[in-house]
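Below you'll find the structure, written out as structure tokens, and then a few comments.
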Amino acid sequence: MTRPERAAAVIAALARTYPHAHCELAYTTPLQLLIATILSAQCTDKRVNLVTPALFRTCRTAADFVALPAEQLEELIQSAGFFRAKAKNIRACCAALVERHGGEVPRTMDALTALAGVGRKTANVVLGNAFGLNVGVVVDTHVQRLTRRLGLTKQTTPEKIERDLIKLVPRAQWTLFSHWLIWHGRRRCTARNPDCATCELRALCPSADKTGK
DNA sequence: ATCCCGAGGG
DNA sequence: CCCTCTGGAT
């Protein structure tokens, strides 16, 4: 089976297995998703969803985040980890939203990645989920691990992996594709002990039963 | 000890 | 390229 053939088969199997896959970060506005995604760095989204309700009650607009004293912001997001860096980025990011974008979240890759704390992964999450724009493919730790295990790429950096995936996945499914892999990465193809025995992709996976890779 | 929907800086 | 930032779960 060629790589494009395997990709198509993997996509079909994932679509069948996770028909209800969606973004599991809790948000109602583009700004909330942007902040939640900045907070999600090296942190489970379950943990992010534990801190954002109080945070979003305190801050409704980008200007609210800028006005909130740094110590209070740090305290509100403390349990999400990297809290000093994240607080600093959120503040600078929201200041830029107010100054350059009228308090709104911009809808282009360049404008988003110019914001503090926003890299390509976070920008792709916002573009795909808040705005429904398939500009790129989200490559987080799950997408990286699973696409490598599945033999869809041999690259080792998120940007190079994204370049491979863009060629293998129909553009209309870029956002869904990441959700499928993230759901599968959490539920079955975990980092330490992948459950190959019950895996829906087992027949398609060159790494099946080779635990750890 | 390793991992979690990373990003910035050197 | 590497290192650092941080807490919580397993």
Side-chain angles (χ1 to χ4, degrees), chain A residues 14 18 20-27 30 32-52 54-55 70-71 73-97 109-131 133-150 152-153 155-162 165 169 173-195 211-213:
Chain A
L14 287 170
Y18 304 108
H20 306 300
H22 59 89
C23 181
E24 294 190 270
L25 289 168
Y27 71 98
Q32 288 186 354
L33 180 58
L34 175 62
I35 301 300
T37 309
I38 290 174
L39 289 173
S40 75
Q42 294 298 293
C43 174
T44 59
D45 61 348
K46 198 173 288 185
R47 173 62 47 184
V48 173
N49 291 340
L50 243 38
V51 311
T52 47
L55 181 63
E71 315 81 58
L73 179 54
E74 289 183 359
E75 194 180 334
L76 280 165
I77 68 173
Q78 194 265 349
S79 73
F82 296 163
F83 64 91
R84 277 183 285 269
K86 287 176 182 175
K88 187 179 171 191
N89 284 334
I90 287 170
R91 172 180 274 276
C93 174
C94 287
L97 292 182
M109 176 63 70
D110 286 347
L112 281 165
T113 53
L115 299 168
V118 180
R120 200 174 166 87
K121 178 253 166 181
T122 297
N124 274 329
V125 169
V126 171
L127 289 167
N129 295 282
F131 299 133
L133 302 171
N134 287 307
V135 174
V137 177
V138 171
V139 180
D140 71 338
T141 183
H142 294 294
V143 174
Q144 170 157 342
R145 184 179 69 252
L146 268 67
T147 54
R148 284 176 53 79
R149 282 179 176 170
L150 286 163
L152 300 184
T153 184
Q155 299 299 331
T156 53
T157 69
E159 279 207 38
K160 289 180 183 173
I161 291 171
E162 187 179 356
L165 296 180
V169 182
Q173 293 179 301
W174 284 356
T175 300
L176 257 180
F177 181 74
S178 295
H179 289 317
W180 289 330
L181 290 183
I182 290 164
W183 279 45
H184 195 60
R186 290 197 185 117
R187 291 157 177 75
R188 201 112 26 248
C189 193
T190 56
R192 299 182 203 187
N193 292 99
D195 186 4
T211 308
K213 269 188 82 183

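In what follows, every chain begins at residue 1, and chains take the letters A, B, ... in the order their sequences are listed.
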Worksheet entry | Atom-pair distance (CG on Leu50(A); P on dC5(B)), nearest Å | 14 Å

Response to the item:
To the nearest angstrom, the CZ-C1' distance between Arg47(A) and dT6(C) comes to 12 Å

Worksheet item: When we call it a touch if two heavy atoms are under 4.0 Å apart, what does Arg84(A) touch: a base, just sugar-phosphate, or nothing?
Response: sugar-phosphate

Item to complete: Among dA7(B), dG7(C), dG8(C), find the nucleotide with the atom closest to the side chain of Phe83(A).
Response: dG7(C)

Worksheet entry | Donor on one side chain, acceptor on other, Asn134(A) and Gln173(A), under 3.5 Å | no

Practice prompt. Check whether any side-chain heavy atom of Arg188(A) lies under 4.5 Å from a side-chain heavy atom of Pro194(A), and answer yes or no.
Written response: no

Item to complete: Applying side-chain hydrogen bond (donor to acceptor under 3.5 Å, both in side chains), run through Tyr18(A) and His179(A) and close with a yes or a no.
Response: CA-CA 9 Å; Tyr18(A) 304 108; His179(A) 289 317; over 6 Å; no

Worksheet entry | Span that lies between the P atom of dT6(C) and that of dG9(B), in whole angstrom | 14 Å

Fill in: Heavy-atom side-chain proximity of Ile90(A) to Leu39(A) below 4.5 angstrom
yes

Worksheet, complete the sentence: From the candidates dC3(B), dT6(C), dG6(B), the one with an atom nearest any side-chain atom of Ala85(A) is dT6(C)

Fill in: Candidates dT6(C), dC4(B), dG7(C) - which lies nearest the side chain of Phe82(A)
dT6(C)

Practice prompt. Please tell me which of the listed nucleotides, dC1(C), dA7(B), dC4(B), lies nearest to the side chain of Thr157(A)?
Written response: dC1(C)

Worksheet item: What interatomic distance, in whole Å, is found between C1' of dC5(C) and the corresponding atom of dC3(B)?
Response: 16 Å

Worksheet item: Within the structure shown, what part of the strands sits under 4.0 Å from Thr122(A) by heavy-atom distance: base, sugar-phosphate, or nothing?
Response: sugar-phosphate

Practice prompt. Could you check whether Glu24(A) gets within reach of a base, just the sugar-phosphate, or nothing at all, counting any heavy atom under 4.0 Å?
Written response: base

Practice prompt. Taking the side chain as every heavy atom from C-beta outward, state whether Asn124(A) and Glu162(A) have any pair of such atoms under 4.5 Å apart.
Written response: yes

Practice prompt. Would you kindly compare Lys88(A) and Asp45(A) by the position of their nearest DNA chain B nucleotide and give the one closer to the 5′ end?
Written response: Asp45(A)

Worksheet item: Checking all strands, does Leu115(A) fall into the base, sugar-phosphate, or nothing category for heavy-atom contacts under 4.0 angstrom?
Response: sugar-phosphate

Fill in: Whole angstrom value for the distance that separates P of dC3(B) from CD of Gln42(A)
10 Å

Practice prompt. Kindly say if Thr141(A) contacts the phosphate of dC4(B), meaning a side-chain N or O under 4.0 Å from OP1 or OP2.
Written response: yes

